[in-house]
Every structure is written in C-alpha cells, then in structure tokens.
Amino acid sequence: MNKKTTWILAPLAAATLALSGCGNDSSDSSAPSATSAAEATSSGEAAPASNMMEKIPSPFVMTPQMDPTYVGSVDGSDAYVALARSGNDMVAFLCDGDQMWTWMTGTMEGDKATLSSPDGATLTASMSNGTVTGQVSAPGMPDKAFTAKPVAAEDGLFRATTNHDGTDYTLGWIMTPDGVRGLERQANGSTTGGIAVDRNGDDMDDRQRERRQERREQLDCDQMQNYNTWLVSQPQTPPVAEMVSMNSVQMEGC
C-alpha cells in the first residue's frame, strides 16, 4: 500500500485510547480471529445477519473483500462508511476513529437499501451507476448524506475479534483512497485502537485544520505506541502494514 501522499491527522483520532477499560495493548496479546455469530450478538449487533459479519474479511489474513463492497465518507463529519452485500443481505459499518463505531444490517430490494442497528443507527441508500448514495444517522449524529464507491484493490472493510491483555474487542477498519478510520470496541462499549488519518488535506477548511491541531495536542502517545507495538506483532498483511503506518502518522504530534 505504499502510497505517496500528504498525510493529515483527522480531528478525532485515537481519543478513546485512554478510556477506562482499554488496558495496555501489548505484543503479548493473543492473535486476532474472525468474529463469530455469538460475539456479534454480544456486541449489540443484529443477530439475524450475524452470518454477514462472518463474511467480512479479517485484516490479519489474506482474504478477498466481499463482492460488492463500497466505501466512502459522510458529509459534514469525520466518519467513513462501508457497505457490503451478499445476495439481498447487506451490512454497513460507520466509524470516525474516535467514538463512533456502529455496525448495521439490513437488505437491498432492487436498487434501494435499508439498514439499522440495535443502538438506533439507520442507513437508507440507493444505487446508481455503481455508486451508492444515501442518508445515515447514529446516536449523536443526525441524518447526513454519504457517497460510497466500489472498493479499490488496496482498500476495503475489515473486521476481526482481537484480545488485549485478556480482554476481547471487535475490530472495525475502513480503508479508502482518501484515508482510514479504525476502532476496536468491547461489548461494554469501551474502545481502543482509534486511528483516523486523511491522506490529503488540500481541501480542508480552517475549522477542520483547527480541529486537527486540537487533536494533536490531546493525543495519548503511550497508548498509541502500545497499540503500534501490538500491530507490528501481528501478521504484516497489506492492511495491517498500512495501519501501522497510519498510527505512526498520528504519533507525529507526540
């Protein structure tokens, strides 16, 4: 994934690394695994489409993306969204690399999709000319528009169960041509491993630049270093290697 781009820190990156219950991530943690149906349910996700969760590739093994998979950004926010389809069943992941971590499930009828999550997030979308457009909302975020396009070879939606110091987390990563969003979450809501980095900040306005600078000043460098150490100890597949690089970019403010 060695992309020659300009790296700009996203505004809400990795703030949750210091939350209570995260623990110190270390290279002694057990290897990640695919998320089981039972784990999906215990994390507050919809049980009927748990088999869809199992189809999402882990970043720690070389597995193709679900076909089709779409990734994009949410207007007026720092969140990215990813959608994947199997038959009429669909799954979507909404993440800002800070606190927003929501998996939604639903169906597509014709060119219209409707998805929701137990925590109240909703997504409605339509497909035209290979592009998905729609509206998405989540707790703390009102309806916002989004556009998602077919995933490129080096990007995608990733999910796995990880373990940090004896505590299980569910990992969710979205990788797009414009940047990455990633976060790991326990069933009780505690999070770790927040990564939110944009590849090109040429189009940022003054407000966005100010927020990015504020985030740099709030970074927990020790927590990020521990997480990077853990990532480096995992199989260095292309997405893992890219996230190591992204997390290192976040640490430039330390």
Side-chain angles (χ1 to χ4, degrees), residues 32-75 77 79-96 100-139 141-161 170-178 180-183 185 187 239:
S33 63
T35 307
S36 69
E39 289 161 344
T41 304
S42 68
S43 297
E45 295 151 13
S50 59
N51 63 325
M52 286 288 290
M53 304 293 181
E54 295 176 348
K55 295 179 181 179
I56 300 170
S58 165
F60 303 101
V61 294
M62 295 296 293
T63 306
Q65 288 288 304
M66 293 177 63
D67 187 12
T69 295
Y70 307 87
V71 294
S73 59
V74 179
D75 293 350
S77 80
Y80 284 178
V81 64
L83 305 94
R85 179 180 178 182
S86 178
N88 291 329
D89 293 327
M90 293 197 71
V91 61
F93 180 50
L94 179 69
C95 182
D96 66 358
M100 193 176 296
W101 182 100
T102 300
W103 294 90
M104 293 166 275
T105 56
T107 58
M108 173 167 271
E109 299 293 338
D111 63 351
K112 306 293 184 183
T114 303
L115 299 89
S116 63
S117 72
D119 64 3
T122 63
L123 183 151
T124 57
S126 60
M127 180 182 297
S128 178
N129 298 322
T131 298
V132 178
T133 59
Q135 297 283 323
V136 61
S137 68
M141 187 187 80
D143 275 347
K144 291 187 180 294
F146 74 89
T147 300
K149 297 184 177 181
V151 67
E154 297 180 336
D155 301 315
L157 170 63
F158 301 92
R159 179 184 170 100
T161 297
T170 301
L171 171 153
W173 288 354
I174 301 173
M175 310 185 79
T176 81
D178 297 322
V180 301
R181 299 292 185 267
L183 194 63
R185 185 176 179 179

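Computed from a prediction, not measured in an experiment: that's the story for all the values here. Residue numbers count from 1 along this sequence.
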Exercise. Do you know which two heavy atoms are closest between Trp173 and Gly182, and how far apart they sit?
Worked result: CD1-CA, 3.6 Å

For this session: For Met175 and Val180, work out which heavy atoms get closest and say how close.
Result: CE-CG1, 4.0 Å

Exercise. Which atom names give the shortest non-hydrogen contact between Pro139 and Asp119, and what distance separates them?
Worked result: CG-O, 3.2 Å

Exercise. What pair of heavy atoms forms the shortest contact from Gly130 to Tyr70, and how long is it?
Worked result: O-CE2, 3.5 Å

Problem set entry | Point-to-point distance, once rounded to the nearest 0.5 Å, from CG of Leu94 to CG of Leu115 | 11.5 Å

Problem set entry | Pairwise distance OG(Ser116) to CE(Met104) - rounded to 0.5 angstrom | 9.0 Å

Problem set entry | Flag side-chain contact, heavy atom, 4.5 Å: Met66 against Ile56 | yes

Problem set entry | Distance in Å, Thr107 OG1 paired with Met52 CE, rounded so as to fall on 0.5 Å steps | 10.5 Å

Exercise. Is a donor on one side and an acceptor on the other found under 3.5 Å between the side chain of Arg185 and the backbone of Ala187?
Worked result: no

For this session: For Val74 and Val136, run side chain to side chain contact (heavy atoms under 4.5 Å, CB included): C-alpha distance rounded to whole Å, both residues' side-chain angles, the deciding distance at 0.1 Å, then the answer.
Result: CA-CA 8 Å; Val74 179; Val136 61; 4.0 Å; yes

Seminar exercise, completed: Here the gap from Thr133 atom OG1 to Asp75 atom CG, rounded to the nearest 0.5 Å, amounts to 10.5 Å

Problem set entry | Verdict with reasoning, Val151 to Thr176, per side chain to side chain contact (heavy atoms under 4.5 Å, CB included) | CA-CA 7 Å; Val151 67; Thr176 81; over 6 Å; no

For this session: May I ask you to test the Ser117-Thr105 pair for a side-chain heavy-atom distance under 4.5 Å?
Result: no

Exercise. Does Leu157 offer a backbone N or O that forms a donor-acceptor pair with the side chain of Gln65 under 3.5 Å?
Worked result: yes

Exercise. Which heavy-atom pair separates Tyr80 from Ile174 by the least distance, and what is that distance?
Worked result: O-CD1, 3.5 Å

Seminar exercise, completed: Heavy-atom nearest pair, Trp103 first then Gly172, reads CZ2-CA, 3.9 Å

For this session: Output yes when a side-chain donor or acceptor of Trp101 lies under 3.5 Å from a complementary backbone atom of Leu183, and no otherwise.
Result: yes

Exercise. Judged by modelled atom types alone, do Thr131 and Asn129 share a side-chain donor-acceptor pair under 3.5 Å?
Worked result: no

For this session: Would you tell me whether Lys144 and Ser137 have side-chain atoms, one donor and one acceptor, within less than 3.5 Å of each other?
Result: no

Exercise. Distance from Ser58 atom OG to Leu171 atom CG, nearest 0.5 Å?
Worked result: 7.5 Å

For this session: Begin with the C-alpha distance, continue with both residues' side-chain angles, and end with the deciding distance and a verdict on side chain to side chain contact (heavy atoms under 4.5 Å, CB included) for Ser126 and Lys112.
Result: CA-CA 5 Å; Ser126 60; Lys112 306 293 184 183; 3.6 Å; yes

Exercise. With a 4.5 Å limit on heavy-atom distance, are the side chains of Met108 and Asn88 in contact?
Worked result: no

Exercise. Between Leu83 and Phe146, is any pair of side-chain heavy atoms under 4.5 Å apart?
Worked result: yes

For this session: Determine whether Pro68 and Arg85 make a side-chain contact, defined as any pair of heavy atoms from C-beta on separated by less than 4.5 Å.
Result: yes

